[in-house]
Amino acid sequence: MAGSHEKHLHEIDHDHHDNRYSDMQARVRALETILTSKGLVDPEAIAEIIDTYEKRIGPRNGAAVVARAWMDPNYAAWLQEDATAAIASLGFGELHGSRMRAVFNTPDLHNIVVCTLCSCYPWSVLGLPPVWYKSPAYRSRAVIDPRGVLEDFGLVLPAVTAIRVWDSTAELRYLVIPRRPSGSDGFSERELANLVSRDSMIGTGIVSIDRSDQ
Amino acid sequence: MNGPHDVGGMMGFGPVRPEKQEPVFHHEWEKRALGISLCAAWLGKWNIDESRHAYERIHPAEYLKASYYEIWIRGLDILLLQNGVLSEDDLFGEQTMSPPSSSAIVEDVLRRDDVYMMLASGPSEVPAVMPPIFAVGDTVITKNMNPTGHTRLPRYARDKIGTIEKVQGSYIFADDRASGRGLTPQWVYTVVFTAQEVWGGDADPSVTLSIDAFESYLLFASVSRPICGRSYQ
C-alpha cells in the first residue's frame, strides 16, 4: 500500500488496478478504526447489526409467512392485498424504506425476483441476500433468460408454464409465495415452514417434501 | 447513468453458481463492512439513493469484478470524502489516531439501542400532490433517456411498450434525491412487458417481465407496436 494514499480518490476511477482494495480485510479494518476513533461509529452498534442478521432475521421469517398463507386462506388474501401489513402482523417489520408485495405461484405461473440495478432484497423476511443474488451473472441473465437461470438451480419448468420476472427497481420488495407441495396435507404450520427454502421465496426454487431444492 | 451496475441483459458472466448451505457472511471483514456501512449511513450525511449512485460511479472494470461488500466499501469511501466526513488523509493516510475532526458535524451516531429502529425505519412512501396520471390497464411507453445522474429505469426497459399492472403508491423520486434535487414524490407503477417487446421476436413467448417505474419515466402509448416492429408512431 506504500505510496498509494498519495493518489486522489477521483483518480481511482481511471485506475483499473487500484491496490487500495486488494486486501479487503485491511481496508475495512482501517476504515473502521478511523471511524471509531473519531466517534462516528459505535462498535456496539456494529455488533448489534451483525448479531441481528446472523441470528434473528433470515429466511425463517419468510418461511413463517408462507406457511401461514398455506394454512389460512384469509391470511393469504390479506397477504395478496396488503403484504406489508400482513407480514408485520407476524412481527416482521417493514425495513429499509420498503413496501412488501407477495406474488403467488400457481400451476400456470412461476414468479422470479431480481434487482438488476443493485441488490434490492426483502431483508425483513429473507435476511441478507446470498452472494449469487448480487452477482452480475444472476442480475444480467434473470431478465433475458430466466429459464436458463432456473436450470442453473436445477429447476426445469414445463415450457407451458408462464414465467414472470419482477425487477425490483423502486421501493417495493417482493416475496414469492411458492406452491404448497403435494403430500403435505396434515402438516402443521411449523412443519410446513420447515419445508420452505429461501430460494423458493426468491423464485429460483420450488418447495418439495424432501427439500431437495436447497 | 449508463454505469456498470445496469447489467440487465448483458451476456458473458457465465452460469449462476448457488452455494449449498451458504453462510450469512464469508469473511469477518464482510460483517464489519455491513456494520460500518449502516452506521455511517445513520450519520445523516447522505441518503440511500446517493449511496447507490456512489456505487454506480465505481469504474466499470472494478465494479464488475468486485464482491458486493467491496462495492459498498468503495462507495463508502467516496461518500465519506465527498460529504466532508473524512479527509483523503483520514481515509488512506497512515493511521495516526487523529482527534475527532471539528469540521465534521455529526448529527447522529448510531447506538446499540437504536439499531432496531434504524432497521425498521419506514418506507419513503410520501403523499403525492397530484392524482396518478396512469391507470391500471393503460398502455404506456417508457422514455428513451440517458441521464448522466442516477436513475431507476434500466437501459433494457427504455423505449419499450408495456401495460400498467398496478399503481403502487407514491415515493420520493430516487433520481432527484440522489442528486440533492429535493424530496419530490412521484407515483410508482408496476409496468409489465412481454419478453418479446424487450428482447425481440426470438424471445420466449411465455415470459413477461416488470419494472417499478416512477411516473416521469412513462408516456401514454396510443397503440401497441407489432412485436419486433419499429413502426409505432
Side-chain angles (χ1 to χ4, degrees), chain A residues 5 8-9 13 16 18 20-21 24-25 27-28 30-35 37-42 44-46 48-50 52-54 93-95 97-99 116-119 128 130-132 134 136-140 143-144 146-147 149 152-153 162-167 169-172, chain B residues 5-10 13-18 22 24 29 31-36 38-39 43 52 59 61-62 64 68 70 73-74 78 81 86 88 90 92-93 95 97 100-101 106 109-112 115 119-120 122-125 152 154 156 168 171 188 199 206-212:
Chain A
H5 61 273
H8 293 284
L9 202 58
D13 293 351
H16 298 190
D18 179 14
R20 298 176 197 209
Y21 301 95
M24 284 305 298
Q25 189 171 321
R27 177 72 209 121
V28 173
L31 193 51
E32 183 177 347
T33 300
I34 190 74
L35 286 166
S37 72
K38 286 182 178 291
L40 298 167
V41 159
D42 180 347
E44 289 199 3
I46 295 179
E48 178 71 8
I49 289 167
I50 294 168
T52 298
Y53 287 107
E54 277 196 317
E94 55 190 43
L95 305 192
S98 55
R99 277 280 175 215
T116 62
L117 296 176
C118 43
S119 61
L128 299 173
V131 168
W132 61 259
K134 301 178 281 188
Y138 181 73
R139 288 160 51 197
S140 62
V143 284
I144 193 170
R147 278 186 203 279
V149 166
D152 290 346
F153 286 82
I163 296 180
R164 169 65 177 279
V165 184
W166 302 80
D167 190 355
T169 53
E171 297 296 329
L172 300 146
Chain B
H5 64 290
D6 189 359
V7 294
M10 275 181 75
F13 293 110
V16 182
R17 299 185 188 280
E22 182 174 338
V24 177
W29 69 264
K31 301 180 188 180
R32 317 309 299 179
L34 172 74
I36 61 176
L38 296 183
C39 287
L43 295 170
R52 290 187 179 128
H59 192 284
E62 299 287 354
L64 288 172
Y68 215 82
E70 181 180 337
I73 291 300
R74 286 171 176 269
I78 293 170
L81 186 66
L86 293 179
E88 185 96 22
D90 287 332
F92 296 109
Q95 297 278 323
M97 291 295 166
S101 164
V106 180
V109 174
L110 185 69
R111 303 297 178 193
R112 173 183 281 274
V115 167
L119 294 174
S124 58
E125 194 167 7
R152 299 300 293 177
Y156 77 82
Q168 296 283 16
Y171 299 81
V188 168
W199 306 114
S206 67
V207 173
T208 54
L209 54 106
S210 63
I211 61 167
D212 293 323

Inset, instruction - Mind ranking Val131(A), Val149(A), Thr116(A), Ile144(A) by heavy-atom pairs under 4.5 Å with chain B and telling me who comes out on top? - result: Ile144(A)
Inset, instruction - State, to 0.1 Å, how close Arg17(B) and Trp132(A) come at their nearest heavy-atom pair, and which atoms those are. - result: O-CB, 4.2 Å
Inset, instruction - Ignoring hydrogens and angles, tell me if any N or O in the side chain of Arg139(A) forms a donor-acceptor pair with the backbone of His5(B) under 3.5 Å. - result: yes
Legend entry - Heavy-atom pairs under 4.5 Å with chain A, option from Val7(B), Asp6(B), Val207(B) with the top count: Val7(B)
Legend entry - Minimum side-chain heavy-atom gap Arg27(A)-Trp29(B) below 4.5 Å: no
Legend entry - Arg152(B) side chain vs Thr169(A) backbone, donor-acceptor pair below 3.5 Å: yes
Legend entry - Under-4.0 Å salt bridge between Glu44(A) and Arg111(B): no
Inset, instruction - Indicate yes or no: does Lys31(B) engage Glu54(A) in a salt bridge with an N to O separation below 4.0 Å. - result: yes
Legend entry - Nearest non-hydrogen partners of Val143(A) and Gly9(B), listed with the distance: CG2-N, 3.7 Å
Inset, instruction - Answer yes or no: is there a side-chain heavy-atom contact under 4.5 Å between Thr208(B) and Ile163(A)? - result: no
Legend entry - Validation row: Ser210(B), Val165(A) side chains within 4.5 angstrom (heavy atoms): no
Legend entry - Close side-chain approach of Tyr53(A) and Leu119(B), heavy atoms under 4.5 Å: yes
Legend entry - Under 3.5 Å: donor-acceptor pair, side chain of Asp152(A), backbone of Pro15(B): no
Inset, instruction - Below 4.5 Å from any heavy atom of chain B, which atoms of Leu117(A) appear? Answer side chain, backbone, both or neither. - result: both
Inset, instruction - Tell me, out of Arg32(B), Met10(B), Arg52(B), who's got the most heavy-atom pairs with chain A below 4.5 Å. - result: Arg32(B)
Inset, instruction - Identify which part of Pro136(A) has an atom lying under 4.5 Å from any heavy atom of chain B, answering side chain, backbone, both or neither. - result: both
Inset, instruction - State, yes or no, whether a side-chain contact exists between Ile73(B) and Val28(A) at a heavy-atom distance under 4.5 Å. - result: yes
Inset, instruction - Indicate yes or no: at least one non-hydrogen side-chain atom of Leu209(B) is less than 4.5 angstrom from one of Asp167(A). - result: no
Inset, instruction - Start with the C-alpha distance between Glu125(B) and Glu171(A), add both sets of side-chain angles, then the distance that settles side chain to side chain contact (heavy atoms under 4.5 Å, CB included), and finish with yes or no. - result: CA-CA 8 Å; Glu125(B) 194 167 7; Glu171(A) 297 296 329; over 6 Å; no
Legend entry - Heavy-atom closest pair, residues Leu110(B) and Ala45(A): O-CB, 3.3 Å
Legend entry - Nearest-0.5 Å distance, CG of residue Leu128(A) to OH of residue Tyr68(B): 13.0 Å
Inset, instruction - Of all the heavy-atom pairs spanning Leu35(A) and Leu86(B), show the shortest one and how long it is. - result: CD2-CD1, 3.9 Å
Legend entry - Nearest heavy atoms of Phe13(B) and Ala137(A), plus distance in Å: CB-CA, 3.6 Å
Inset, instruction - Side-chain contact test, heavy atoms from C-beta onward, threshold under 4.5 Å: evaluate it for Ile211(B) versus Trp166(A) and give yes or no. - result: no
Inset, instruction - Below 4.5 Å from any heavy atom of chain B, which atoms of Thr52(A) appear? Answer side chain, backbone, both or neither. - result: side chain
Inset, instruction - Sort Glu70(B) into side chain, backbone, both or neither according to what part of it lies under 4.5 angstrom from a heavy atom of chain A. - result: both
Inset, instruction - Look up atom CD1 in Ile36(B) and atom CG in Leu40(A), then write down how far apart they are to the nearest 0.5 Å. - result: 11.5 Å
Inset, instruction - Taking all non-hydrogen atoms of both residues into account, name the closest pair between Ile46(A) and Cys39(B) and its distance. - result: CG1-SG, 3.9 Å
